[in-house]
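In what follows, every heavy atom counts, from backbone to side chain, and hydrogens, waters and symmetry copies are set aside. Each ligand, and each atom within it, is numbered from 1 in the order the structure gives. One-based numbering along the sequence shown.
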Amino acid sequence: MKTTSLALLGALLASSSLANTLVTNANGIEVDRSGHVEHFTGLLIGADGKVVRIIHGAEPRPKASETLDMRGRTLLPGFIDAHGHVIELGRHALQLDLVGTSSLGELQQRLRDYAAAHPNDTWILGAGWNQELWPDRKFPTAADLDSAVADRPVVLTRVDGHALVANSAAMKAAGVTAQTPTPPGGRIENGLFVDNAKDLVDRAIPVPSPAELDQAFAKAQDILLGFGVTGVGSMSTGLGDWEAMKRAGEAGRLEVRFMVYADELNLLNAEPRPTPWLYGDRLRMVGIKFYADGALGSRGAWLKKPYADMPDSHGLQFHSDAELRSLTDTAASHGFQIAIHAIGDAANAQVISTYEWLNGKYGADRRWRIEHAQIVDCADLPRIGRAHIIASMQPTHQTSDRLMAEKRLDPERLKCSYAWQSMLRSGAKLAFGTDFPVESPNPFPGLSAAISRQDINGQPPGGWYPAERVTLGEALHAYTRGAAYAGFAEDRIGALDPGQWADFVVVDRDPTGVNPQELARTQVLETWIAGRKVWSPKPSAPAAAPERGK
Ligand SMILES: [Zn+2]
């Protein structure tokens, strides 16, 4: 018995040393703990898929059974998107795609075409429209949809997820009439349902089956890998979504590592609770996400002073101070990390106060997160660093929102908006992401925006409030180490340090050697997780998954 197990052990040791892989001849780039860019030429990866050591310059190469010659190609740590919506990404990709529509007429035409191509769908669901890209910038109405499709319910969600427009058949199915009262924190106008009013329609939509969720999850994971995203803070994860992720784990289909934040509704059901890492560090329930307000585009962001372009409105406050304290206190007592969506300066101030109060009760080591932290009163900025709050921000929101934000706000309030550099200077920990599918999960336009305050076309010249630029090293840090820290995962992902998972990407250009517009157009050639290649372009396909620009 004893000899057998010793023999087995010996065989295991032999096979593991055999399976060491040396990645060599790489143009490796990563950042250190303080956000400085570092170069390396190779990696030794153990049989367990973890980094054994990183090799700099012409250091002697360690022995390994397998050698992988990168032929000088550029290698980066896998990207971690600190804030995305996984199942929505997959569902949107499988539904009517309205991203990039340039007019109401184009939306109507895409809707007609989709309805004709899907005669058996009982509901037509779509997403991605943005009236800010249309000539008249008017929100679509129920009548606009009725004139395209009237024979079955149609529900089309705005690109930011904070508003939807329903046709008459959908409102009828949902039992919404002119007499339906508008819920607090919501707005209804001509078939448009904003923030808390959305649920009046959403609850009538048939819930997706487990098979549909599995399909959406698989689609989402494939899109993420195509953009070099190897880790995700999975926000507002519903119970059904969580079950779909676990099914993928059980079946060995989980590749990307998901740090999951439950939808706040799950708290009421008392399930699920935070978990340890599961399925080889692929899945973990870590936190819970609340909302303090809505979004700027639909004027749901809660502002201290009224909107510049709607003087009778401060936006939408979702919770009283007492309510938010009580919700977050309950969640924290169950061991959840807290993440709160806050866009407007009033919402951010409320969330900071809530965290200051929680610090008094739980200590400051719980890594409270503000999601978006877009518009912050300059006077509140120093409080974020002092309270050890993580600012989870999305650089491409700045480039997408710029013209809209200039209308909603005045220059005084824009000074501390999308203020990445000021956040860092306040001492806040910065984590970057995209809020996909609100934006494409492609991290490269985000890196580009972060260092230039310009969009992919170089607008505006000189950058928008350019003092808020960060360095490439700081941007890469926020997208790797910072995003891992934001999810309590810096002990295993976010860098290629010894002992960390060998999650990395091979790309077609060196980010340190190109201008911001070229950086934004970087293509991923290979995505590796745990030392194993899990994605490369399909032979007939273009070099990356299709861009979901907006
Ligand atoms: Zn989000």
Side-chain angles (χ1 to χ4, degrees), residues 79-93 99 127-130 157-164 185 194-196 198-199 202 216 220 223-224 227 229 231-238 241-242 245 256 258-266 286-298 300-302 315-316 318 336-344 347-348 351 368-375 390-401 404-405 418 430-443 445-446 449 478-479 483 486-487 548 550:
F79 288 93
I80 301 174
D81 191 313
H83 180 128
H85 302 269
V86 179
I87 299 288
E88 279 83 349
L89 177 67
R91 292 192 78 199
H92 285 194
V99 169
W129 58 270
N130 179 2
T157 305
R158 192 178 187 276
V159 69
D160 63 6
H162 283 267
L164 61 80
V194 180
D195 286 322
N196 283 353
K198 281 191 312 163
D199 190 49
D202 273 336
I223 294 170
L224 292 168
F227 286 123
V229 178
V232 167
S234 168
M235 289 292 146
S236 309
T237 309
D241 304 359
W242 170 247
M245 290 169 151
V256 175
F258 295 99
M259 300 162 276
V260 174
Y261 295 78
D263 191 281
E264 62 184 277
L265 295 178
N266 285 336
V286 63
I288 190 160
K289 181 179 166 213
F290 298 98
Y291 286 85
D293 66 347
L296 195 62
S298 46
W302 175 29
L316 303 172
F318 281 16
F336 284 107
Q337 185 190 13
I338 312 286
I340 310 180
H341 164 117
I343 303 269
N348 275 286
V351 171
W368 318 116
R369 299 173 49 139
I370 303 184
E371 303 307 313
H372 312 308
Q374 274 176 14
I375 303 144
I390 291 163
S392 162
M393 303 179 77
Q394 298 75 29
T396 43
H397 280 345
Q398 182 268 300
T399 47
S400 297
D401 289 1
M404 178 268 290
Y418 310 86
L430 197 57
F432 277 164
T434 61
D435 201 11
F436 63 76
V438 176
E439 308 281 351
S440 161
N442 184 351
Y479 241 123
R548 282 175 57 89
K550 52 166 277 199

**Q** Less than 2.8 Å from the Zn ion (ligand 1) is the window; count the protein N, O or S atoms in it.
**A** 3
**Q** Report the relative orientation of the aromatic rings in Y479 and F79; use parallel for angles under 30°, tilted for 30 to 60°, perpendicular for over 60°.
**A** perpendicular
**Q** With W302, which residues qualify under side-chain hydrogen bond (donor to acceptor under 3.5 Å, both in side chains), at least two apart?
**A** none
**Q** Return the OG to NE2 distance between S236 and H341, rounded to the nearest 0.5 Å.
**A** 9.5 Å
**Q** Would you indicate whether the side-chain heavy atoms of K289 and I340 approach each other to under 4.5 Å?
**A** no
**Q** Could you list the residues that satisfy side-chain hydrogen bond (donor to acceptor under 3.5 Å, both in side chains) with D81, not counting sequence neighbours?
**A** T434
**Q** Can you name the residues that form a side-chain hydrogen bond (donor to acceptor under 3.5 Å, both in side chains) with Q394, not counting sequence neighbours?
**A** H372
